[in-house]
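Everything below concerns the one structure shown next.
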Amino acid sequence: MAALLISACASLPADTGAGAVPARPVPGDPPAGLTLRTTDFSRVEGWHSHDPRPALSAFLRSCDAILRRPADQPLNPRAPHAGHAGDWHGICAEAQRVRSDDAASARHFFETRFRPVEVSGEGRLTGYYEPLVEARAYPDQEFSMAIRARPGLRPAGDMSQLIAGIGAERWNAADEARTRSEIEALDIGVPLAWGRPIDVFFMQIQGSGRLVFDDGSQRRAAFAAHNGHPYVSIGRLLLDRGELPPGQASKQHIESWLHRNGPAAWTPLFNENPRYVFFDLQDIPDPNTGPLGSQGVPLTPMGSLAVDPAFHAWGVPVFVRGEVSGQGLWSGLLIAQDAGGAITGPVRGDLFFGWGHEAGETAGRQNSFARWHILLPERLAVRFARVS
């Protein structure tokens, strides 16, 4: 699940291909506010200079999910321009035969199997990542904030049994809906592990993290649920109060303020964000893949994008042109695979940078304009987009 600090898956053009099902119209038009216009790759600025390999890797993961869906099932009923799963089955089958390590082959695949469709308007591109969070099985003075499971288990007995789910009770919806301050004060939700308060707070904003224990072992704290309360940006609060200068509300600036002012200041500030995120502890079978996004597939660094599902469908390629912190003007093909509470609107995206300190430094500074082209199978592009 993506989040922002301050605010914060085609049929072939000529034939259906192996395993594809001829498309049938999806009722309705593109969502209000989403204006689409067809174009061609020669007119998409930055297309011929970007590296499409991360996007192909991400697309293959999305295809794993799409190929399991019935052919007549819409990719997203709220985004009829994305068609049905059957519109993508043939393309997904072909994608599996493309050399994912060869940029030219990956580019040829996207160019011959999709039509670029411009999304009108200028949006914003922010970033998120999977933090590495030092954790402990039991609390101490430094590791004093709980990383909590969704309500239903109570702390008692051996922690390993609790983590394994022994003695689970039915979830208490009333407990789950309490505010952040109430959850902490009433000790709601089993502590799965303990971390430094600032680290745990920012991990909740990112939606997942890799916990690194003192014995060197790692587990993933995966998003399980949130309490349903609105997200309030502490960066915005600090800006509004003059505690941070204009333009200096990145994660790095916020952390510096928190360290300068100490627990007496950060505890009430944290509580002004009533949203609280609960986690599951999971094994990490492949350390080279990210957490599961909203589509249910692992995220790919510089290949996965969080979008607003009111406008877009999981698995659809999105070519984004904007700026990336530390790189200047940047263009990249990404796959819509995730969502986030602060990611709203037709041209609003959150780029997954990966995991660890370097990814966090980049993601924490990322906030730029963005222009979008989505890639659709030809028949869907012609049906749902205006002709340029």
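Just so we're clear, the structure is a prediction, and the values are computed from it rather than from any experiment.
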Item to complete: Applying ring-ring contact (aromatic ring centres under 6.0 Å, His included), name anything that partners Y129, two or more places apart in sequence or on another chain.
Response: none

Practice prompt. Quick one: list whatever passes ring-ring contact (aromatic ring centres under 6.0 Å, His included) with F143, sequence neighbours left out.
Written response: none

By side-chain contact (heavy atoms from CB on, under 4.5 Å) - contacts of [X] (at least two apart):
X: S49; answer: none
X: S181; answer: T179, N271
X: V133; answer: P131, D199, M203, L211

Output the distance between atom [atom1] ([X]) and atom [atom2] ([Y]), rounded to the nearest 0.5 Å.
X: F41; Y: L375; atom1: CZ; atom2: CG; result: 5.0 Å
X: I254; Y: H259; atom1: CD1; atom2: NE2; result: 12.0 Å
X: D338; Y: I343; atom1: CG; atom2: CD1; result: 9.0 Å
X: N227; Y: Y276; atom1: CG; atom2: OH; result: 9.5 Å
X: L380; Y: T38; atom1: CG; atom2: OG1; result: 13.0 Å
X: R61; Y: T289; atom1: CZ; atom2: OG1; result: 6.0 Å

Counting C-beta onward and ignoring hydrogens, is there a side-chain heavy-atom pair between [X] and [Y] closer than 4.5 Å?
X: S368; Y: V324; answer: no
X: T35; Y: R386; answer: yes
X: F201; Y: N273; answer: yes
X: R53; Y: D51; answer: yes
X: L376; Y: R115; answer: no
X: R275; Y: I205; answer: no
X: L67; Y: H89; answer: yes
X: E130; Y: R220; answer: yes

Applying the 4.5 Å side-chain criterion to the ILVMFWY set and letting contacts propagate, would [X] and [Y] be lumped into a single cluster?
X: V320; Y: L329; result: no
X: I284; Y: V297; result: no
X: L292; Y: L132; result: no
X: L192; Y: V212; result: no
X: V117; Y: V382; result: no

Backbone N or O of [Y] within a donor-acceptor pair of the [X] side chain at under 3.5 Å?
X: W88; Y: A82; result: yes
X: Q204; Y: V277; result: yes
X: R69; Y: L75; result: yes
X: H81; Y: A381; result: no
X: S208; Y: P291; result: no
X: R113; Y: A95; result: no

Worksheet item: Considering all heavy atoms of both residues, which atom of F369 and which atom of R321 are nearest to each other, and what is their separation?
Response: CE1-O, 3.9 Å

Worksheet item: Of all heavy-atom pairs between L299 and G293, which one has the smallest distance, and what is that distance?
Response: CD2-CA, 3.7 Å

Worksheet item: Are side-chain N/O atoms of N367 and R124 paired as donor and acceptor at under 3.5 Å?
Response: yes

Worksheet item: Between the side chains of S250 and H253, does any donor sit under 3.5 Å from an acceptor?
Response: yes

Worksheet item: Can you list every salt bridge (Lys or Arg N to Asp or Glu O under 4.0 Å) pair that touches residues 279-302, not counting sequence neighbours?
Response: R219-D283

For residues 301-313, dump all side-chain donor-acceptor pairs below 3.5 Å to protein atoms at least two apart in sequence or in another chain.
from	atom 1	to	atom 2	distance (Å)
S304	OG	T300	N	2.8
S304	OG	T300	O	3.4
S304	OG	Q337	OE1	2.5
D308	OD1	A310	N	2.9
D308	OD2	G345	N	2.8
H312	NE2	P346	O	2.8

Worksheet, complete the sentence: side-chain contact (heavy atoms from CB on, under 4.5 Å) test vs H373 passes for just one of V318, L333, L36, T39, namely T39

Discussion item. As a test of understanding, state which of R365, Q366, R348 forms a side chain to side chain donor-acceptor pair (under 3.5 Å) with T126.
Written reply: R348

Discussion item. With a 4.0 Å cut-off on N to O distance, would you call R43 and E118 a salt bridge?
Written reply: no

Discussion item. Tell me whether E184 is salt-bridged to R148, with the criterion being a basic N under 4.0 Å from an acidic carboxylate O.
Written reply: yes

Listing, residues 262-269 side-chain donor-acceptor contacts under 3.5 Å, not counting sequence neighbours, or none:
from	atom 1	to	atom 2	distance (Å)
T267	OG1	P263	O	3.1

Worksheet item: So F114 and F59, would you call those rings parallel, tilted or perpendicular, with 30° and 60° as cut-offs?
Response: perpendicular

Fill in: Ring center gap for F319 and H50 short of 6.0 angstrom
yes

Practice prompt. Could I get the full list of side chain to side chain donor-acceptor pair (under 3.5 Å) partners for T362, not counting sequence neighbours?
Written response: none

Worksheet item: Taking only residues two or more places apart in sequence, or in another chain, which ones meet Q282 in a side chain to side chain donor-acceptor pair (under 3.5 Å)?
Response: none

Discussion item. So for atom CD, which belongs to Q218, do other residues, nucleotides or ligands contribute more than 12 heavy atoms lying within a distance under 6.0 Å?
Written reply: yes

Worksheet item: Just wondering, are more than 12 heavy atoms of other shown residues or ligands nearer than 6.0 Å to NE2 in H108?
Response: no

Item to complete: Using the side chain to side chain donor-acceptor pair (under 3.5 Å) rule, collect all pairs that involve residues 238-248, keeping only residues at least two apart or in two chains.
Response: R241-E272, E243-W257

Item to complete: Using the ring-ring contact (aromatic ring centres under 6.0 Å, His included) rule, collect all pairs that involve residues 320-368, keeping only residues at least two apart or in two chains.
Response: Y128-F352

